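First listed ligand is number 1; within each ligand, the first listed atom is number 1. Remember, predicted model here, so these are calculated numbers, not experimental data.
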Amino acid sequence: MQNKINVGLIGAGTVGGGTYKILKENFSEIFRKTGMEIVVSALAEKDLNRAREVVDEKTKIYEDAFDLVKDENIHIVVELIGGTGISKDLVEEAIKNNKHVVTANKALMAIHGKELVSLANKYNVNLAYEAAVAGGIPIIKSLREGLVGNKVEWVVGILNGTTNYILTEMKENNLTFDVALKQAQELGFAEADPTFDIEGVDAAHKITILASIAFGIPINFDAVHIEGISNLNQKDILYAEELGYKIKLLGITKCMKDSVELRVHPTLIPEKRLVANVDGPMNAVLVQGNMVGPTLYYGAGAGSEPTASAVVADIVDLARNLESNNTTTIPILGFIKDEIKEKKILLIEDITSEFYLRLSMKNESGVLAKITQIFAQHSISIDAMVQKEIQEDDEIVDIILVTTNIIEKEVNNIINEIEALPENNNKAVKLRIEQLNK
Ligand code: HSE
């Protein structure tokens with residue numbers, strides 16, 4: 001029976017401060033739920049002045065985090081410094097010192113999760129990472145526990161608050177990409193290096209983790225296809241809207257019989273779907289279970305207290321495990337370790353999807369006929385076609401096409417043939433469409 005749990009925090013930044021605040025302000029509430037006194041007994045932070053601003057005198061401060069992970073009084077180590085360098089060494093060291101570890105670090109889990117999970121299993125300690133995906137939304141818990149009776153078929157998520165904020169501002173308030181990004185940075189959603197947000201890397205870290213626990217496959221960040229939103233044109237947001245779609249940066253993973261899709265890219269989704277109306281910095285995850293059907297999880301995906309809320313949920317889980325002397329109730333990746341099996345991850349050209357294409361063509365008679373003929377030669381149907389005159393230049397038109405389901409390499413061949421036409425003016429824009437209805 002363990003009634004007092006000592007937590008060692010590494011990092012007094014946004015999430016570290018939030019975690020300390022929740023454990024302090026909600027101490028009684030957490031006691032009522034656990035019967036345990038969970039306190040931050042130590043904090044590791046290089047900037048000692050900052051450390052003292054965050055914690056009171058009862059918390060011991062370590063300048064060197066490697067000393068904290070060896071502190072015999074600490075039961076749970078919480079890594080909140082981010083990145084994949086020193087944080088990896090610290091998590092490994094904590095595990096080797098038989099500490100249970102909580103991390104909010106998606107990059108660490110996506111890139112080194114496979115080895116860290118093995119190490120944690122070897123030392124029979126727990127490694128918890130709820131805050132690594134979709135901030136305050138308890139999606140790891142939902143997948144591993146709430147949906148345990150299901151075979152998960154697919155998971156689709158708005159997993160990056162910064163890009164969702166940018167897309168919302170571009171559409172609703174007509175802001176340029178750069179202005180919207182600057183605002184997101186000022187509001188504190190963006191990564192230290194915002195290219196991770198806008199180029200889809202952050203969302204890719206998160207969907208990689210979700211794919212692993214949804215389908216029981218090893219964490220494999222190298223296999224994700226990643227496209228961000230930095231090349232997205234405001235025009236396409238407007239044209240998509242006219243066709244009844246919104247554009248969201250989605251993490252998408254689907255489990256087929258012999259393969260898995262794992263991808264991040266801007267995606268058209270029907271505007272009537274609930275998830276299409278998740279705006280601003282909010283996150284949402286849609287999970288299709290074979291028994292429950294679709295389930296949707298919505299909430300703040302970034303920020304101090306929402307992310308810390310997930311960190312504290314992990315701390316409480318581990319504290320309860322400690323109390324019952326049980327460290328392995330729920331496997332770290334949701335599947336028992338011998339059942340985590342490799343599955344082929346499809347190359348992007350092998351996925352099947354509907355596509356939105358914007359072709360930039362010279363405004364000459366017969367051009368539409370040539371385009372439709374190319375589609376016909378490939379036996380591909382066009383679901384919708386709209387022609388837009390470009391105001392500044394009536395010599396050039398935008399032709400917007402929506403295809404039926406087609407394998408991506410086939411659509412690439414069609415685009416190549418269209419771009420070879422003498423009437424072609426510019427590279428075609430290709431975006432994938434997800435109906436999210438089954
Ligand atoms: N930069 C991330 C986002 C923070 O914008 O969602 C949360 O992981």
Fill in: Set of residues that line ligand 1, where lining means a heavy atom lies under 4.0 Å from it
Lys106, Asn160, Gly161, Thr162, Phe189, Ala190, Glu191, Asp197, Asp202, Lys206, Gly301, Ala302

Worksheet item: What residues form a salt bridge (Lys or Arg N to Asp or Glu O under 4.0 Å) with Lys254, not counting sequence neighbours?
Response: Glu434

Practice prompt. Output all residues satisfying salt bridge (Lys or Arg N to Asp or Glu O under 4.0 Å) with Lys409, sequence neighbours left out; order by chain, then residue number.
Written response: Asp350

Discussion item. Could you report the tightest heavy-atom contact between Glu79 and Asn105, atom names first, then the distance?
Written reply: OE1-CB, 3.2 Å

List the atom pairs, donor and acceptor, that lie under 3.5 Å between side-chain atoms in residues 32-40 and the rest of the protein, sequence neighbours left out.
{"unit_1": "Lys33", "atom_1": "NZ", "unit_2": "Glu29", "atom_2": "OE2", "d": "3.3"}
{"unit_1": "Thr34", "atom_1": "OG1", "unit_2": "Ile30", "atom_2": "O", "d": "2.8"}
{"unit_1": "Thr34", "atom_1": "OG1", "unit_2": "Met36", "atom_2": "N", "d": "3.0"}
{"unit_1": "Thr34", "atom_1": "OG1", "unit_2": "Met36", "atom_2": "O", "d": "3.4"}

Fill in: Side chain to side chain, Phe196 and His205, heavy atoms closer than 4.5 Å
yes

Worksheet item: Given the rule in the side-chain contact (heavy atoms from CB on, under 4.5 Å) test, do Ile61 and Val55 qualify, once you have shown the distances and angles that lead to the verdict?
Response: CA-CA 9 Å; Ile61 295 177; Val55 296; 4.1 Å; yes

